[in-house]
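The structure under discussion appears below in the form of structure tokens.
When a ligand or atom number is given, it counts from 1 through the structure's own listing order.
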Amino acid sequence: MSTVEARPQDATDGRPDGQIAVENPATGETVAHVPDMSAEQVAQLVARARRAQPGWAALGFDGRAEVMYEARRWLVQNRDRMIKTIVDETGKTREDAQLAEISFVADSLGFWAKKAESYLKDERVRSHSPFAWGKKLVARYRPRGVIGVIGPWNYPLANCFGDAIAALMAGNSVILKPSEITPLASLLMAEGLRAAGLPEDVMLVATGRAETGTAVVDHCDMVMFTGSTATGKKVMARAAETLTPVSLELGGKDPMVVLRDADLERAANAAVYWSMSNGGQICMSVERVYVEEPIYDEFVQKVTEKTRALRQGRPGELGSVDVGAVTFAAQVEIIERHIRDAVEKGAKVVVGGKSGAGPGRFFEPTVLTGVDHSMEIMTEETFGPALPIMKVRDEQEAVRLANDSRYGLNSSVWTRDLAKGERIARTIEAGNTCVNDAVTNYGAQELPFGGIRESGIGVRHSAHGIQKYCSTHSLLITRFAPKSELYFFPYSKRRSKLLERLIVLMYGRGSRKRKRGR
Ligand code: NAD
């Protein structure tokens with residue numbers, strides 16, 4: 001049962017005033033209604049969160065960590081309820097909700113509870129500058145205040161509340177703005193946090209659409225945004241008006257490079273899993289594959305067979321289906337458009353290719369061959385269960401094509417030669433690259449995760465992923481000092497000459513290394 005009760009539908013448009021209907025994409029049924037919050041309501045939430053923040057920060061790392069561990073316990077105890085809520089609002093399988101939402105967020109709660117303090121501890125700094133001799137220098141991290149976390153519909157828990165954890169552990173309050181398509185997991189998690197002892201108003205959920213998100217950008221002290229590249233650009237433009245810092249996790253078109261000496265069975269299994277898992281609705285799904293000529297046919301055959309064997313349908317008991325529904329209605333049109341465009345330009349659909357019959361919204365797991373970069377399916381984010389596979393002459397061509405993208409999120413290289421794999425991985429232009437794996441890097445939260453180019457700005461996870469929620473505050477403390485410095489007023493010829501001699505002495509030489517080499 002979701003936290004927000006379904007209300008009787010209004011006779012005219014199926015939606016009570018000021019409410020958003022939440023649909024189960026696998027059945028087409030309305031499962032709940034949530035408020036469509038106005039800018040004024042968001043401003044009020046931010047004001048409450050701002051008042052609550054100093055008390056939360058004052059609890060210290062240990063006090064905050066206790067709440068996170070308790071929230072983790074709550075999440076595991078309430079996993080069935082949370083899985084049902086996520087499955088109902090996304091149409092994803094229970095397994096997709098279990099692994100990437102419950103397990104990841106439970107792990108993340110403990111990770112930040114344990115690591116936040118060490119990532120944010122004061123840094124004692126030593127300076128080379130003569131102006132700083134004898135002084136104490138400290139770089140410290142201070143919570144920014146109220147962080148706006150705006151999330152997408154594909155992972156309503158992991159990519160919404162998931163990003164709030166580090167923000168909270170840093171001592172901030174959070175306004176959580178889930179997608180209007182999937183707001184229920186955030187509301188349920190807020191209930192869990194209250195049960196775990198999070199003080200009132202430290203995390204508030206702002207349900208609503210674009211206007212609600214815009215108000216979050218306007219009123220918060222920093223915005224952590226996950227969503228499409230197009231919306232990310234709007235968020236950044238809006239944030240520029242108030243010089244609000246943003247961290248953007250956006251779309252991807254992640255390449256997989258399969259070399260002739262790869263373990264083909266593992267590569268084919270991974271290609272199918274990481275392109276179809278969560279219905280292909282993962283920002284770092286395998287979205288395009290480049291396979292060296294000698295193994296191309298065998299690879300395509302394996303992927304085709306494995307894709308054909310996938311079971312798709314309404315999520316039921318554990319183990320009943322492999323691929324669930326398409327969460328967002330408009331996504332079906334994008335998938336269809338990409339496939340139509342590819343076929344018109346000469347591609348072949350070897351499995352799937354069509355939307356499934358209703359009720360509910362499904363798209364068949366699809367494999368395409370004969371693709372190239374004139375087709376949208378190789379250059380634009382499809383975000384559905386569709387895998388295009390392209391034959392390449394050699395590794396150079398594979399790398400050139402992998403890098404031929406406006407995106408740069410995740411990527412992978414497959415070979416038994418690990419030295420070669422790492423060498424090639426280092427030439428891939430993306431935020432993250434795996435060798436003989438894909439997506440798994442996301443679970444290693446000690447590693448930064450983020451995109452380059454139009455896949456985003458900034459990272460989540462690692463020390464950087466929590467330091468971004470803080471402003472740096474640098475301290476210089478002078479202990480023993482003369483009454484006046486050489487460079488203080490009044491200027492005098494003698495002291496200026498002395499300073500000049502010092503400048504020549506200190507900076508007048510060339511590189512010491514070069515001199516030694518002469
Ligand atoms: P979206 O951009 O349509 O919406 C994301 C969020 O932004 C929603 O909460 C939405 O209400 C809000 N929003 C819409 N307009 C806004 C505005 N003008 N100002 C502020 N907020 C606004 O994205 P989506 O369709 O929900 O999610 C799918 C996209 O998210 C895909 O492109 C996917 O690749 C990306 N994604 C990226 C990552 C990552 O880590 N890089 C993770 C998950 C999803």
Side-chain angles (χ1 to χ4, degrees), residues 20 22 25 34 36-37 39 42 89-90 92 100-101 104 148-163 175-183 185-186 205-220 223-242 244 246-254 278-287 326-335 380-384 406-411 430-432 439 441-442 445 448-461 465:
I20 298 172
V22 182
V34 297
D36 187 3
M37 288 191 183
V42 171
E89 65 182 343
T90 60
K92 66 173 70 180
E101 305 260 32
F104 175 79
V149 175
I150 303 179
W153 47 257
N154 60 327
Y155 282 108
L157 187 64
N159 283 150
C160 293
F161 172 69
D163 279 313
I175 300 295
L176 184 54
K177 155 67 182 87
S179 167
E180 60 273 36
I181 313 294
T182 56
S186 292
V205 180
T207 53
R209 301 190 171 83
E211 298 72 32
T212 314
T214 303
V216 170
V217 177
D218 288 347
H219 295 288
C220 289
V223 174
M224 167 68 224
F225 174 84
T226 306
S228 63
T229 296
T231 309
K233 289 178 184 178
K234 287 186 200 159
V235 166
M236 192 164 173
R238 185 77 181 200
E241 290 175 22
T242 46
T244 300
V246 292
S247 187
L248 306 174
E249 296 282 353
L250 311 177
K253 189 73 195 172
D254 297 359
N278 210 51
Q281 302 158 116
I282 311 183
C283 56
M284 43 181 175
S285 275
V286 170
E287 282 246 345
V326 177
T327 305
F328 181 41
Q331 207 61 38
V332 174
E333 286 154 40
I334 296 173
I335 305 166
E380 294 303 320
E381 186 180 49
T382 309
F383 219 58
R406 68 186 176 106
Y407 297 106
L409 196 54
N410 231 348
S411 50
N432 326 275
V439 183
N441 54 310
Y442 199 82
Q445 294 186 64
F449 175 85
I452 61 166
R453 298 182 181 161
E454 295 197 27
S455 286
I457 290 177
V459 297
R460 53 162 72 100
H461 305 169

For ligand 1, which part of [X] has a heavy atom less than 4.0 Å away: the side chain, the backbone, both, or neither?
X      : answer
Leu250 : backbone
Ala230 : neither
Arg238 : neither
Met284 : neither
Thr214 : both
Phe328 : neither
Leu409 : side chain

Subject >> Side chains of Lys253 and Thr382, donor plus acceptor under 3.5 Å >> reply: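 Their side chains do contain a donor-acceptor pair, which is all the 3.5 Å distance test asks for.
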**OP:** For the residue pair Asn441 and Asn410, confirm or rule out a side-chain donor-acceptor distance under 3.5 Å.
**Re:**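 There is such a pair (donor and acceptor under 3.5 Å, judged by atom type) between the side chains of Asn441 and Asn410.
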Among all the protein's non-hydrogen atoms, which is closest to [atom], and how far away is it?
atom                    : result
atom 32 (O) of ligand 1 : Glu381 OE1, 2.6 Å
atom 16 (C) of ligand 1 : Thr231 CG2, 3.4 Å
atom 12 (C) of ligand 1 : Ile150 CG2, 3.8 Å
atom 39 (C) of ligand 1 : Cys283 SG, 3.2 Å
atom 23 (O) of ligand 1 : Ser228 N, 3.3 Å

For [atom], which of [options] has the closest heavy atom?
atom                    : options                        : value
atom 24 (P) of ligand 1 : Phe449, Trp153, Phe383, Tyr442 : Trp153
atom 8 (C) of ligand 1  : Gly151, Gly227, Pro152         : Gly151
atom 20 (C) of ligand 1 : Gly252, Gly213, Ala158         : Gly213

Report yes if the side chains of [X] and [Y] come closer than 4.5 Å at any heavy-atom pair, otherwise no.
X      : Y      : result
Ser247 : Met224 : yes
Asn159 : Arg460 : yes
Val149 : Cys160 : no
Gln281 : Phe328 : no

**OP:** Indicate the ring-plane relationship of Trp153 and Phe383, choosing parallel, tilted or perpendicular according to the 30° and 60° boundaries.
**Re:**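 Because their plane-to-plane angle is over 60°, the rings of Trp153 and Phe383 count as perpendicular.
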Original post:
Does some non-hydrogen atom of Gly456 fall short of 4.0 Å from ligand 1?
Top reply: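 No heavy atom of Gly456 comes that close to ligand 1.
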Against heavy atoms of [X], which atoms of ligand 1 measure under 4.0 Å?
X      : result
Pro178 : 9 (O)
Asn154 : 43 (C), 44 (C)
Asn159 : 42 (C), 43 (C)
Val235 : 19 (N), 20 (C)
Thr226 : 5 (C), 36 (N), 37 (C), 38 (C), 39 (C), 42 (C), 43 (C), 44 (C)
Phe225 : 2 (O), 5 (C), 6 (C), 7 (O)

Subject >> Partner of Ile150 by side-chain contact (heavy atoms from CB on, under 4.5 Å), out of Ile175, Val223, Val246 >> reply: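 Passing option: Val223.
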Check: [X] side chain, [Y] main-chain N or O, donor-acceptor pair, under 3.5 Å:
X      : Y      : answer
Thr229 : Glu454 : yes
Lys177 : Ala215 : no
Asp36  : Thr207 : no

Original post:
Is it true that Phe104 and Tyr442 have ring centroids separated by less than 6.0 Å?
Top reply: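 Centroid distance Phe104-Tyr442: below 6.0 Å, so yes.
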Taking distance alone, with no angle check, do [X] and ligand 1 share an N/O pair under 3.5 Å?
X      : result
Glu180 : yes
Arg460 : yes
Lys177 : yes

Original post:
To the nearest 0.5 Å, how far apart are OG in Ser411 and CE in Met284?
Top reply: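 The OG atom of Ser411 sits 11.5 Å away from the CE atom of Met284.
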**OP:** Could you tell me the separation between the CZ atom of Phe449 and the CG atom of Leu409, rounded to the nearest 0.5 Å?
**Re:**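 Rounded to the nearest 0.5 Å, the CZ-CG separation comes to 4.0 Å.
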**OP:** Check whether any protein heavy atom sits under 4.0 Å from atom 27 (O) of ligand 1.
**Re:**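 Flag for atom 27 (O) of ligand 1 set to true, protein heavy atom closer than 4.0 Å.
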**OP:** Compare every heavy atom of Pro183 with every heavy atom of Glu89, then report the nearest pair and how far apart it is.
**Re:**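 Shortest heavy-atom separation between Glu89 and Pro183 comes out as OE1-N, 3.1 Å.
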